[in-house]
Amino acid sequence: MRALIYAAGYGKRLNPQTLKMAKPALPFLNIPLMAYPLFYLEQLGLKELVVNTHYLPETIVETGHALVGNRYLLNFSHEKDQIMGSGGGLAQALEKFSPSSQNDPLFIANGDSLVLSPEPQLIFKMFEFHQRHKPLATLLVGNFPVAKESFGGVYVNSHQEVQCFSTQPV
């Protein structure tokens, strides 16, 4: 299994803490934020990880090496001139995976997000759902009503199918 962790953002909402360290490298309960999504990915049998960077990339690289060590292959996709967005970041990062892993499942996680679920098997259930139904993508979302006012939300229909990503429902 291979994964991409998005860690290229500026972390402006956490200024001044992010003036010297990228948000995914910041400690939360003495653990870098990037470690939280990495924990779930490792439970699925992670064999190869790519982390994209832009802002203060050296802090992400240092954190990545500290968290991963030599347990599996770790590469970085540096977005040097500008942040490429989710799609551009993914397109560039795909080049960093080894050719032998091209047919392996790819998980993508935000390096600055915490998933706190009362369901301990959540990631396994999500992966099993994806394998059983074989959609193009499976997206883990949660109910967060105030998100839409600040940075948009994911709107789904009664069948839990994504209808749009927006600050307002369609």
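Worth knowing before you read on, the calculation uses all heavy atoms, side chains too, and leaves out hydrogens, waters and symmetry mates.
- If you chain together ILVMFWY residues whose side-chain heavy atoms come under 4.5 Å of each other, L4 ends up grouped with Y6, V50, L90, L94, F97, L106, I108.
- In plain terms, the two heavy atoms of P37 and S113 that are nearest each other are CD-O, 3.7 Å.
- The line from CG of N75 to CZ of R2 is 12.5 Å long, rounded to the nearest 0.5 Å.
- Between H54 and I83, the closest heavy-atom pair is CD2-CG1, 3.3 Å.
- Rounding to the nearest 0.5 Å places CD of Q43 at 4.5 Å from CZ of F124.
- A pairwise comparison of heavy atoms in G111 and I5 identifies CA-CG2, 3.4 Å as the closest pair.
- Between M1 and D104, the closest side-chain pair of non-hydrogen atoms is not below 4.5 Å.
- More than 12 heavy atoms of other residues, nucleotides or ligands shown are found within 6.0 angstrom of CG on N157.
- Between I60 and P24 there is a side-chain heavy-atom pair separated by less than 4.5 Å.
- With rounding to the nearest 0.5 angstrom, the NZ atom of K23 is 13.0 Å from the OG1 atom of T59.
- No path of Ile, Leu, Val, Met, Phe, Trp and Tyr side chains, each step under 4.5 Å between heavy atoms, connects Y55 with V61, placing them in separate hydrophobic clusters.
- Separating the CG atom in L26 from the CD atom in Q17 is a distance of 7.0 Å, to the nearest 0.5 Å.
- If you chain together hydrophobic residues whose side chains sit under 4.5 Å apart, M84 and L56 never meet in one group.
- Between L29 and Y36 the shortest side-chain heavy-atom distance falls below 4.5 Å.
- For the pair P27 and M21, the minimum side-chain heavy-atom distance is below 4.5 Å.
- Panel note: side chain T18, backbone G11; a donor-acceptor pair is recorded below 3.5 Å.
- Residue V154 is not grouped with residue F107 when hydrophobic side chains (ILVMFWY) are merged at heavy-atom distances under 4.5 angstrom, including chains of intermediate members.
- The minimum heavy-atom distance between H78 and P57, with the atom names listed, is ND1-CB, 4.1 Å.
- Under a hydrophobic clustering in which Ile, Leu, Val, Met, Phe, Trp and Tyr are joined whenever their side-chain heavy atoms come within less than 4.5 Å, directly or via other members, L140 and V162 fall into different clusters.
- Residues L49 and L38 meet the side-chain proximity criterion, which asks for heavy atoms closer than 4.5 Å.
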Requested in this report: Go through Q92 and N52 one step at a time and tell me if the side-chain hydrogen bond (donor to acceptor under 3.5 Å, both in side chains) criterion holds.
Outcome: CA-CA 9 Å; Q92 180 173 304; N52 80 331; over 6 Å; no

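- Atoms CD1 and CG, on I31 and L67 in that order, are 9.5 Å from each other to the nearest 0.5 Å.
- For R13, the CZ atom counts as loosely surrounded, since its 6.0 Å shell holds 12 or fewer non-hydrogen atoms of other residues, nucleotides or ligands.
- Residue F129 is found outside any hydrophobic cluster, as its side-chain heavy atoms come under 4.5 Å of no other Ile, Leu, Val, Met, Phe, Trp or Tyr.
- Heavy atoms of other residues, nucleotides or ligands lying less than 6.0 angstrom from CG of N15 number more than 12.
- The CG atom of L122 sits 11.0 Å away from the CG atom of L116 when rounded to the nearest 0.5 Å.
- Q163 places a side-chain N or O within donor-acceptor distance of the main-chain N or O of E161, the cut-off being under 3.5 Å.
- Of all non-hydrogen atoms in G89 and E79, the two that sit nearest each other are CA-OE2, 3.2 Å.
- L46 and L73 fall into different hydrophobic clusters, defined by Ile, Leu, Val, Met, Phe, Trp and Tyr side-chain heavy atoms under 4.5 Å apart, directly or through other members.
- At least one side-chain heavy atom of F165 sits less than 4.5 Å from a side-chain heavy atom of L139.
- In terms of heavy atoms, P135 sits closest to H130 at O-CE1, 3.2 Å.
- E48 places a side-chain N or O within donor-acceptor distance of the main-chain N or O of S98, the cut-off being under 3.5 Å.
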